[in-house]
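Here the structure is laid out as structure tokens; the discussion comes afterwards.
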Amino acid sequence: MTNQNHKIRSDLIRIFILYSVVLVSSKLIFEKALTTHMLVTIPLLIYIGALIGYIFPCLRFNQTWNKNGVNGMLIAAFTMLFWMLPKTLDLSLDTPVYGSAKYITLPLLCGTMLVWSWKKCSFLAKNFFQFEFLATIFRFSWLYLTSKSRLCVNYLYDEQQYVGYGLLAFASIHFMFLIYYLFNKDFRQLETNTISSRNL
Amino acid sequence: MQTYKWSEAALGLFIFALGFSIIFFETMGFKAFTRESARRLLIEDNPVNIKSVTLQNTTLDFISFEDYKDKVLLVDFIYTRCPTVCNLLGSSFKNLQTKIDALGLGDDIVLISVSFDLEYDTPTKLAEYRERFGGIAQNWKVVVPKTKSDLEKLKQDFGVIVIPDKWGGFVHNAAIHVLDKNKQLVKIVDWDESPQLFQMIENIYDKPKS
């Protein structure tokens, strides 16, 4: 085996160990409360997928179907949206089909696609996805905060309030970072469809 | 300048359509975002056969859903220690009972309250529950399943999920479940939707509203 294959193999083993730790801790601890279920397990699974994406740089930069990066971002966006619905959160706790689907699709279809597609996106596409993502998080936090009935069958009503505030906090902090970035980056060489604008 | 590839754009459109349709199917046409609304919508299209289990009545004998052939059953799930929702269910059942007797449908409709608190709810407590609302025993039975596995079967068939709350009680997706004469679950209504419920019952019986 070449050196590179050895490195890939050891990285994959490390990621597998991390994945099993996340799996066990989610099932035992994080899925008991709605806040940690949404705000800890889902980001952790996406992060594991991202690590897998970093391991394969050739796949990352030489894909024919994802040259503009938008296709991969679309896949990631739909996967994230799918797993934020209250119905799928509930079903992932009760049915084995949805439960295993969550632990497979969130790393592979969301995290890996994010890493493989973000650098290739044009400045316009990055803007679009950033703001749409923030808007969706704000909408979901509004939904969880103002709903009069219990949305998730497996969780109590107060947990909805905590999740609403948590999502609001996450989106607000992300938004503040975005505003700081907008005011501190030199955008004067901005031109759509050039390679230099991909570094913005 | 990067050449624009139509095949990539087509693939992007395809991925968008695929994702959109997956979410469309998952939420049943954007109508069911929660599991509870999905349960109610699914029942209306595909009625579920309810398996019969042994239920202990307040009079200490055992009944089951099959004993009420050719009657429409309205089932709800309660526990007698509940300070909130089950009281609303109880009083709405009392109102339903009065209305049913007034309409003369007392022989055709039976109300059943099933308790899922096996340890605490003895038949005496169940009778006390009905007393609280002034209900009549003739067509409002308050029962408790005999064994835990029977309770699990019922919960699974009806789609009722019970979770403990922080104060030693329970929280559940409370609603009134309508079983038709073939013991199929045909509709689930909230406890404050009585007009809709009566419309549905009249549709089953084709009786004009007096």
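Note: hydrogens, waters and symmetry copies are ignored here, and every other heavy atom, side chains too, is used. Numbers restart at 1 for each chain; the letters A, B, ... are given by sequence-line order, proteins then strands.
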_For a ring pair (Phe, Tyr, Trp, His ring centres under 6.0 Å) check, start with the C-alpha distance between B:F133 and B:F93, then their side-chain angles and the critical distance, and finish with the verdict._
CA-CA 9 Å; B:F133 307 101; B:F93 258 24; 9.6 Å; no
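The pair A:K87-B:E26 counts as a salt bridge, with a side-chain nitrogen and a carboxylate oxygen less than 4.0 angstrom apart.
Here A:V153 is the residue among A:D158, A:L74, A:V153 with the most heavy-atom pairs under 4.5 Å with chain B. For the options B:V162, B:I161, B:L18, heavy-atom pairs under 4.5 Å to chain A are most numerous at B:I161.
Contact annotation for B:L11: both backbone and side-chain heavy atoms come within less than 4.5 Å of a heavy atom of chain A. Heavy atoms of A:Y155 lying under 4.5 Å from chain B belong exclusively to its backbone.
Between A:D90 and A:N154, the side chains place a donor N or O and an acceptor N or O closer than 3.5 Å (distance only, hydrogens not considered).
Separating the CG atom in B:N87 from the CD1 atom in B:I78 is a distance of 9.5 Å, to the nearest 0.5 Å.
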